[in-house]
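Here the structure is a predicted model, which means the values were calculated and not measured. Throughout, numbering of the chain's residues begins at 1 and tracks the sequence.
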Amino acid sequence: MQNAGPVAIVGAGIAGLTTALCLARQGFETEIFEQADALKEVGAGLQLSPNASRILIELGLLPALESVWSEPGSIALVDGHSLRSLASVPAGARARNRWAAPYGVLHRASLQKILFDAVKAEPRCRVHLGCRIESGPEAAIDRSMMRRPQVIVGADGIWSQTRVSIPGAGAVRFSGNIAWRMMLPGAEATACLSTDRVTAFLGPNAHLVAYPIKEIGGFNLVAIVGGEAADSVWIGKDSEDRRRELAAAFDGWHPKLRELLTRATAATYWPLCTVDDGAWHDGARTILIGDAAHAMTPFAAQGAAMAIEDARELARCLAEAQDIPSAFAGYDRARRSRIDRVRKRAAFNRFAYHARGPVRLGRDLVLALKGPEALAADLDWLYGYGAAAPTLKS
């Protein structure tokens with residue numbers, strides 16, 4: 001767009017900060033509004049698949065990422081009862097070769113700091129911390145900026161206040177699953193974990209994902225189990241009652257895995273919620289991205305990746321369109337089918353990971369017959385997104 005005015009972004013998480021950087025590369029000024037007085041990313045580990053890391057590399061962040069992340073050599077599926085290997089997808093150097101970008105794992109706080117440092121160093125970006133934007137954000141943002149932004153981007157997560165201002169936006173819905181996020185010191189790890197592998201241990205009605213976090217010299221553990229939503233609880237602290245519920249969900253699993261869960265520290269539990277299909281923008285000024293628009297379950301490990309993809313696509317559409325309504329419509333067209341396909345992949349993984357009985361036996365047989373390269377090929381559409389990017393350079 002010609003003579004583009006400033007863009008306001010609500011939320012300084014991964015979605016909002018990436019959006020600011022992508023917009024700055026297109027020549028837009030951005031002002032980011034974050035309710036927290038200091039940025040403190042909740043959660044623990046994060047998987048950055050090649051479709052996401054490619055965009056961060058385009059923003060010049062590869063050296064900073066390489067200083068803190070690990071690039072595991074494979075992504076393994078393992079039976080949680082017997083520890084029998086079910087399948088393995090090549091990663092590491094083979095990810096860089098196949099998808100022209102790395103598959104990295106790191107602490108969420110590390111990625112947020114890298115993004116925040118890049119935003120602070122970008123003259124076109126300005127961050128307002130301790131600035132809470134309530135529902136109906138337009139007037140509040142206009143007052144805070146003392147000028148009218150041409151676009152307001154709601155990057156304020158699943159409990160978005162910006163979404164309230166979008167007619168027909170999707171509703172938040174509990175998925176029926178609880179995610180436990182924990183850290184395991186390296187000294188407490190057993191032979192069933194590897195510093196060169198992302199491992200998903202599968203079992204009926206639950207699964208456990210483990211991968212190394214270089215910054216702490218240990219492992220990130222994510223246990224996803226069936227459960228009931230807690231009223232008004234977004235993130236819950238560890239407790240004896242909750243620990244008993246977690247132990248019960250893994251009853252009958254291999255003793256080594258059950259022991260890992262008892263040794264894990266910094267445990268929190270999260271009721272996993274999604275956002276139904278609905279409007280992502282008002283057609284005029286305000287648009288949603290990331291979890292604010294389309295929060296999904298983590299069974300494909302693509303929540304952060306979809307927000308990062310959203311950021312680049314929105315910046316492109318705003319730069320190339322003649323006006324804001326056209327930019328919003330182009331963004332909607334570009335992202336709807338992609339988000340729908342990733343949602344379906346996550347739903348399929350949920351079914352497969354938690355399978356029992358004959359379905360579980362059929363799953364294991366299919367995985368055994370496919371082999372690593374065929375499994376990698378099944379992910380080309382996902383991890384190869386935007387693969388026309390320049391050759392990697394550290």
Side-chain angles (χ1 to χ4, degrees), residues 5-20 22-23 28 30-43 108 112 115-116 119 125-175 229-236 270-296 303-304 306-308 310-311 314 318 324 327-328 331-332 335 339:
V7 175
I9 300 170
V10 183
I14 291 170
L17 295 171
T18 307
T19 301
C22 289
L23 285 168
F28 291 86
T30 64
E31 299 206 26
I32 309 165
F33 296 87
E34 169 56 45
Q35 66 179 350
D37 294 324
L39 291 190
K40 188 182 296 184
E41 176 62 73
V42 293
R108 292 184 70 94
Q112 186 164 22
L115 291 168
F116 189 44
V119 164
C125 299
R126 183 182 176 195
V127 181
H128 305 266
L129 297 177
C131 187
R132 184 176 181 84
I133 303 297
E134 302 287 358
S135 57
E138 293 191 9
I141 288 174
D142 289 352
R143 287 194 302 271
S144 297
M145 292 179 63
M146 293 186 292
R147 55 179 175 166
R148 180 181 171 87
Q150 65 165 346
V151 173
I152 296 173
V153 180
D156 45 346
I158 193 164
W159 302 111
S160 170
Q161 291 296 304
T162 312
R163 188 170 57 241
V164 177
S165 68
I166 305 293
V172 176
R173 191 177 307 279
F174 176 57
S175 70
D231 293 340
S232 302
V233 172
W234 175 51
I235 175 174
W270 306 54
L272 294 175
C273 296
T274 62
V275 174
D276 293 340
D277 267 344
W280 293 349
H281 59 82
D282 62 3
R285 190 184 180 199
T286 303
I287 190 165
L288 306 172
I289 68 166
D291 282 353
H294 47 66
M296 61 185 69
M306 289 302 102
I308 292 167
D310 285 352
L314 178 60
L318 287 172
I324 294 170
F328 285 5
Y331 171 83
D332 208 286
R335 297 302 294 158
I339 295 298

N/O donor to acceptor pairs below 3.5 angstrom from side-chain atoms of residues 125-132, sequence neighbours left out:
unit_1, atom_1, unit_2, atom_2, d
H128, NE2, E31, OE1, 2.5
R132, NE, E134, OE2, 2.7
R132, NH1, Q35, OE1, 2.0

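- A pairwise comparison of heavy atoms in A295 and C273 identifies CB-O, 4.2 Å as the closest pair.
- Contact between P167 and D282 at its shortest, heavy atoms only, is CD-CB, 4.4 Å.
- The nearest pair of heavy atoms linking V275 to A293 is CG1-O, 3.5 Å.
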Throw together a table of side-chain donor-acceptor distances under 3.5 angstrom for residues 168-175, partners on residues two or more places apart or in other chains.
unit_1, atom_1, unit_2, atom_2, d
R173, NE, D276, OD1, 3.1
R173, NE, D276, OD2, 3.2
R173, NH2, D276, OD2, 2.4
S175, OG, N177, N, 3.2
S175, OG, L272, O, 2.7

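- Across all their heavy atoms, A311 and C22 have their closest contact at O-CB, 3.8 Å.
- Minimum heavy-atom separation, A8 to F33: CB-CE1, 4.1 Å.
- Of the inter-residue distances, the one linking D291 atom CG with I158 atom CD1 reads 6.0 Å to the nearest 0.5 angstrom.
- Looking at Y331 and L318, their side chains never come closer than 4.5 Å, going by heavy atoms from C-beta outward.
- One finds the CD1 atom of I14 at 6.5 Å from the CD atom of Q112 (value rounded to the nearest 0.5 Å).
- From S165, atom OG reaches atom CG of L288 across 7.0 Å, with rounding to the nearest 0.5 Å.
- Across every non-hydrogen atom of V119 and A20, the tightest pair is CG2-CB, 4.3 Å.
- Side-chain contact between W280 and D310: absent, with no pair of heavy atoms (C-beta onward) separated by less than 4.5 Å.
- To the nearest 0.5 angstrom, I287 atom CD1 is 7.5 Å from D332 atom CG.
- For S160, the side chain to side chain donor-acceptor pair (under 3.5 Å) partners two or more places apart in sequence, or in a different chain, are D156.
- Atom CZ of R335 sits about 10.0 Å away from atom CD1 of I289, to the nearest 0.5 Å.
- The structure places OG1 of T18 at 12.0 Å from CG of L314, a figure rounded to the nearest 0.5 Å.
- Between the R285 side chain and the P149 main chain, a donor and an acceptor come within less than 3.5 Å of each other.
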Checklist line | Verdict with reasoning, T19 to V7, per side-chain contact (heavy atoms from CB on, under 4.5 Å) | finding: CA-CA 10 Å; T19 301; V7 175; over 6 Å; no
